[in-house]
Amino acid sequence: MIITIDGPAGSGKSSTAKAVAKKTGWFYLDSGSLYRTFTLLFLKYGKSKSELLAHLNNHSVDLEVDGEEVLTMLDGADVGDSIRTPEVSGNVSKVSSWAEIRNKVNSIMRKTVQKHNFIADGRDLGSVVFPDAAAKVFLTASIEARAKRRYKELQEKGIESNLEEIKQNLADRDQQDSTRKIAPLIKPDDAIEIDTTSKKLEDQVRQIAGIVERVG
């Protein structure tokens, strides 16, 4: 079974989904980590789409359940925080817009959720990847709130960043994600919308955990 949490970058999808998974005992599936991993390869091959696609078969990208965690693996190794840099963030929307990459990511996720219960976050999970999800949530938040969250997250990881640059990056990603031809960012008609701008994390986690309990 799967419950999806979609929304724009920085709306709190990942932190919320992780906390809900921990509270409910479900596994957490981070779709963004897969796109970021392919973006890492894109950067490796000189920011060339043709080079990336030409070398895809030389690499393995997968999700691996390890105890209570789901690890994102590249060529058999956990990618860790190498996919969370500003450079990856600045290119992931472009890479995720390519049909070849989206098909690979969707295939990986659909295979992974066949064996366990998952809370998954992304941008098109409820609308495209898992249209029959047990429940769908769509998170929103002001761009100012989202930028401050991303800045704090990077600071805590020791990654140098600039708040205004992060805000511009989020605005650019919003535009790209909502206007792309393939699987644009939209709120599914049957999704429950939650504005997290002024919400405490524990409050939104409690709300979504209640949804999980009702359908699980």
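Positions are given from 1 along the sequence.
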Residues R36, D30: salt bridge by 4.0 Å N-O rule
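Between D30 and R36 there is no salt bridge, as every charged N stays at least 4.0 Å from the carboxylate O atoms.
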Under-4.0 Å salt bridge between R123 and D6
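No, this pair does not count.
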Restricting to side chain to side chain contact (heavy atoms under 4.5 Å, CB included), what partner residues turn up for N91, sequence neighbours left out?
T39, F42, L43, K47, E87, K94
Those residues at least two apart in sequence (or on a different chain) that pass side chain to side chain contact (heavy atoms under 4.5 Å, CB included) with I159 are P86, L154, K157
Verify, without hydrogens or angle tests, whether [X] (side chain) and [Y] (backbone) share a donor-acceptor contact under 3.5 angstrom.
X: R146; Y: A9; answer: yes
X: N169; Y: E165; answer: no
X: S127; Y: P188; answer: no
X: D124; Y: L185; answer: no
X: T197; Y: S142; answer: yes
X: K13; Y: G7; answer: yes

Going from [atom1] on [X] to [atom2] on [Y], what distance comes out if it is rounded to the nearest 0.5 angstrom?
X: R110; Y: F130; atom1: CZ; atom2: CZ; value: 6.5 Å
X: F138; Y: D195; atom1: CZ; atom2: CG; value: 11.0 Å
X: I83; Y: T37; atom1: CD1; atom2: OG1; value: 4.0 Å
X: S50; Y: H55; atom1: OG; atom2: NE2; value: 10.0 Å
X: T4; Y: D132; atom1: OG1; atom2: CG; value: 11.0 Å
X: Y45; Y: L56; atom1: OH; atom2: CG; value: 9.0 Å

Can you name the nearest heavy-atom pair linking [X] to [Y], along with the distance?
X: R84; Y: S33; answer: NH2-CB, 3.9 Å
X: V105; Y: L34; answer: CG1-CD1, 3.8 Å
X: P8; Y: L139; answer: CD-O, 3.3 Å

Decide whether V65 and V113 are clustered together by the hydrophobic rule: side chain heavy atoms of Ile, Leu, Val, Met, Phe, Trp, Tyr closer than 4.5 Å, transitively.
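Result: yes, single cluster for both.
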Spell out, yes or no, whether V95 and V79 are grouped together once hydrophobic residues are joined by side-chain heavy atoms under 4.5 Å, including indirect joins.
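In one cluster: yes.
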Audit row: L52, I101, side-chain contact (heavy atoms from CB on, under 4.5 Å) steps and yes/no:
CA-CA 10 Å; L52 170 62; I101 301 302; 4.1 Å; yes
Within-4.5 Å side-chain heavy-atom neighbours: [X] and [Y]:
X: L41; Y: H59; value: yes
X: T140; Y: T196; value: no
X: V92; Y: R173; value: yes
X: F118; Y: T112; value: yes
X: I182; Y: W98; value: no

Give the intermediate values and the outcome of side-chain hydrogen bond (donor to acceptor under 3.5 Å, both in side chains) for residues D121 and Y28.
CA-CA 8 Å; D121 72 276; Y28 166 65; 2.5 Å; yes
Give me the one residue out of Q175, R180, Q176 that meets side-chain hydrogen bond (donor to acceptor under 3.5 Å, both in side chains) with S93.
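Among Q175, R180, Q176, the one that satisfies the side-chain hydrogen bond (donor to acceptor under 3.5 Å, both in side chains) with S93 is Q176.
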Let's go through R102 and S107 carefully: what are the C-alpha distance in whole Å and the side-chain angles of both, what is the deciding distance for side-chain hydrogen bond (donor to acceptor under 3.5 Å, both in side chains) to 0.1 Å, and is it a yes or a no?
CA-CA 8 Å; R102 300 199 71 80; S107 177; over 6 Å; no
Please check if atom CD in E100 has more than 12 non-hydrogen atoms from other residues, nucleotides or ligands closer than 6.0 Å.
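Yes.
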Given D172 and Q168, is the side-chain hydrogen bond (donor to acceptor under 3.5 Å, both in side chains) satisfied, shown in steps?
CA-CA 6 Å; D172 291 342; Q168 185 59 53; 2.9 Å; yes
Contacts table for residues 199-216: side-chain donor-acceptor under 3.5 angstrom, sequence neighbours left out:
{"from": "D203", "atom 1": "OD1", "to": "R206", "atom 2": "NH1", "distance (Å)": "3.0"}
{"from": "Q204", "atom 1": "NE2", "to": "T16", "atom 2": "OG1", "distance (Å)": "2.7"}

Do D62 and S60 pair up side chain to side chain, a donor and an acceptor below 3.5 Å, judged on atom types alone?
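Side chains of D62 and S60: no pair found under 3.5 Å.
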